[in-house]
2 protein chains.
Amino acid sequence: MPNNTNNFSLELNPNVSVDCVIFGFDLEQLTVLLIDRGEISSGFGPRLALPGNLIYDNENLDMAANRVLDELTGLKSIYLEQVGAFGDPDRIHKQSDQAWLKSIRAEPEARVITVAYYSLVPMSKYKPQASSFAKNAYWVPVSQINELAFDHYEILQAAKGKLKQKIKIQPIGFNLLPTKFTLSQLHRLYESILDKPLDKRNFRRKILKINILSSLREKQRGVPHKPSLLYEFNEEKYQELTQTGFDNFGF
Amino acid sequence: MPNNTNNFSLELNPNVSVDCVIFGFDLEQLTVLLIDRGEISSGFGPRLALPGNLIYDNENLDMAANRVLDELTGLKSIYLEQVGAFGDPDRIHKQSDQAWLKSIRAEPEARVITVAYYSLVPMSKYKPQASSFAKNAYWVPVSQINELAFDHYEILQAAKGKLKQKIKIQPIGFNLLPTKFTLSQLHRLYESILDKPLDKRNFRRKILKINILSSLREKQRGVPHKPSLLYEFNEEKYQELTQTGFDNFGF
DNA sequence: TTGGAAAGTGTAAAATTGACACAAAGATAT
DNA sequence: ATATCTTTGTGTCAATTTTACACTTTCCAA
């Protein structure tokens, strides 16, 4: 084990890791990208885990989170928020398996603090199957997750909570949708995150009133029902609003 | 330097520290408890810093934050929230001075991640002057702080932001006031934290409507004007409310 | 007794919320 | 071509909440 009182280097810091809760939305429900640790987890707790890794001594936390995200999905400049730090002394030991930890180059017996992030990814931009890296990554609907490795279930819950808070006060949902989307999709997204039904008409009225959406002249194609108008998030309008101290995106 | 791949012990973890933003309210404005590093900081950046320390390998983060708080103020079971983790590789080196770092037993050249917490303390419960420990701790009005040691100014800003968010959705302000307080004091508190004026009558109506305050039959004494009725935060009423899924403490 | 200072109180207009139902558009199957 | 299916898209009214605003009361001190 390198001691890290020396020069900055490409050494992994054995005490600090980053875990990412990568949210997606399949147009029906909220999902999370999970790693299947496979047989290596050999009976020691759940196979599924959040993607994460130790940080390098020369990168800051945000960089590390972006790196983890990039290494796994190839995606850069994705919406990313810190959830917080998690660090029971025995968080790893509880349900650990040393082979797995060694495989991600963690010291199995070291005490590790993890800093959790959540990110919002348009699911269309990352299909695990197509990726050469990390073939064992899968989108899993949040509602189907009952347990995860280590303390990752707890982290997921915290991330959901933060996301819920955040979307109540900032219009970040668009990061989970394709550039062009319908109001119904946005509606379902809000319902998934807030975990409660929202009246359709009231939702539309409210979201349109905020005036950060541009309605395109384009319609959905190929749907077996009345096609919906498509909308885009309008960054400029949003910037104007925030600069005038606007604050009420409340849901 | 101990390597921490060994057994759990009372060793300090050289890579992880906890810093506390301890908020108080002097009935006029929001204040923070800061440590004057004094001459030891010998020209290397600001003298004032947030109280903090490295964590022990056998304590979790919340415990560490409580410990820092307790060691400094003698206060226990205080309202405490995590702000988040901060960890530029050079966060200490930027403006550090090694003597100071050594004095708090940090490795001057180690890369340190800090996990920041904020806490709400009734100022009356802690007078730095009266304390035997840490005579160099002072309450400083938040509005007067322009710089702090290390990355502590940044941390303070983040903590203010979190507190602002939080008080909009949960009635935690009482933690900064004496048990018995007046509505005007509460009013000023909200104005300080939200950093904007609130209409007096509207504020009173709203806060009373929520129905988590008990009005005492007691009045202020010795004030050179009409004395105010005193109120208490009513924990039971609050619990009832939250259990019924009440959610709208919005300011 | 008077003056100073903050406490305490009500109302009306405007904005927002919440509840609610049916016609229109396109795709598919017959 | 027609009928059927599915989802889109729309308006109103009542209730509630928000905002703006000014004067009287109470106690202390001079």
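Numbers restart at 1 for each chain; the letters A, B, ... are given by sequence-line order, proteins then strands. Hydrogens, waters and symmetry mates play no part in the numbers below; they use all other heavy atoms, side chains included.
Taking CG from A:Leu198 and CD1 from A:Ile207, the interatomic distance works out to 10.0 Å, rounded to the nearest 0.5 Å. Here CD of B:Gln185 is found 6.5 Å from CG of B:Leu177. Values are rounded to the nearest 0.5 Å.
The side chain of B:Asp199 approaches D:dC21 more closely than any other nucleotide in the set D:dT17, C:dA19, D:dC21. The side chain of A:Pro227 approaches C:dA25 more closely than any other nucleotide in the set C:dA7, C:dA25, C:dA19. For A:Arg204, taking side-chain heavy atoms from C-beta onward, the closest of the listed nucleotides C:dG18, C:dA27, D:dT8 is D:dT8. Looking at the side chain of A:His225, the nearest of the listed nucleotides C:dC20, D:dG9, D:dT6 is D:dT6. Residue B:Asn202 places its side chain closer to D:dT19 than to any other of D:dT19, D:dT8, C:dG18.
Applying the 3.5 Å distance criterion, the base of C:dA21 shares a donor-acceptor pair with the side chain of A:Arg201. With hydrogens and angles ignored, a donor-acceptor pair under 3.5 angstrom links the side chain of A:Arg205 to the base of C:dG18. For C:dG8, its base sits under 3.5 Å from the side chain of B:Lys200 at one donor and acceptor pair at least.
Looking at B:Asp26, B:Leu34, B:Ile22 one by one, the single match for side chain to side chain contact (heavy atoms under 4.5 Å, CB included) with B:Trp139 turns out to be B:Ile22.
Electrostatic pairing of A:Lys180 and A:Glu218 counts as a salt bridge here, judged by a charged N lying under 4.0 Å from a carboxylate O.
Within a 6.0 Å radius of NZ in B:Lys237, more than 12 heavy atoms belonging to other residues, nucleotides or ligands are found. In B:Lys168, the NZ atom is crowded: over 12 heavy atoms of neighbouring residues, nucleotides or ligands sit closer than 6.0 Å.
Using a 4.0 Å cut-off, some side-chain N or O of A:Ser228 falls inside it from OP1 or OP2 of D:dG9.
Remark: P of D:dC23 and NZ of B:Lys226 are 17 Å apart, rounded to the nearest angstrom. A straight line from CG of B:Leu186 to C1' of C:dA7 spans 15 Å, rounded to a whole angstrom. Atom CG of B:Leu229 and atom P of C:dA6 are 18 Å apart (whole Å). Across the protein-nucleic acid pair, A:His187 atom NE2 and D:dT10 atom P stand 15 Å apart, rounded to whole Å. When the P atom of C:dT9 is taken as reference, atom CZ of B:Phe203 falls 15 Å away, rounded to whole Å. Counting to the nearest Å, the C1' atom of D:dT17 and the NZ atom of B:Lys206 are 8 Å from each other. Across the protein-nucleic acid pair, B:Arg221 atom CZ and D:dT26 atom P stand 16 Å apart, rounded to whole Å. Regarding A:Ile207, its CD1 atom lies at a distance of 15 Å from the P atom of D:dG9, rounded to whole Å.
Using a 4.0 Å heavy-atom distance criterion, A:Leu183 is classed as making no nucleic acid contact. A:Ser184 comes within contact range of the sugar-phosphate backbone alone, with a heavy-atom separation under 4.0 Å but no base atom that close.
Between B:Leu230 and B:Pro224, the residue whose closest nucleotide on DNA chain C is further toward the 5' end is B:Pro224. Residue whose closest nucleotide on DNA chain C sits further toward the 5' end, between B:Gln220 and A:Lys219: B:Gln220.
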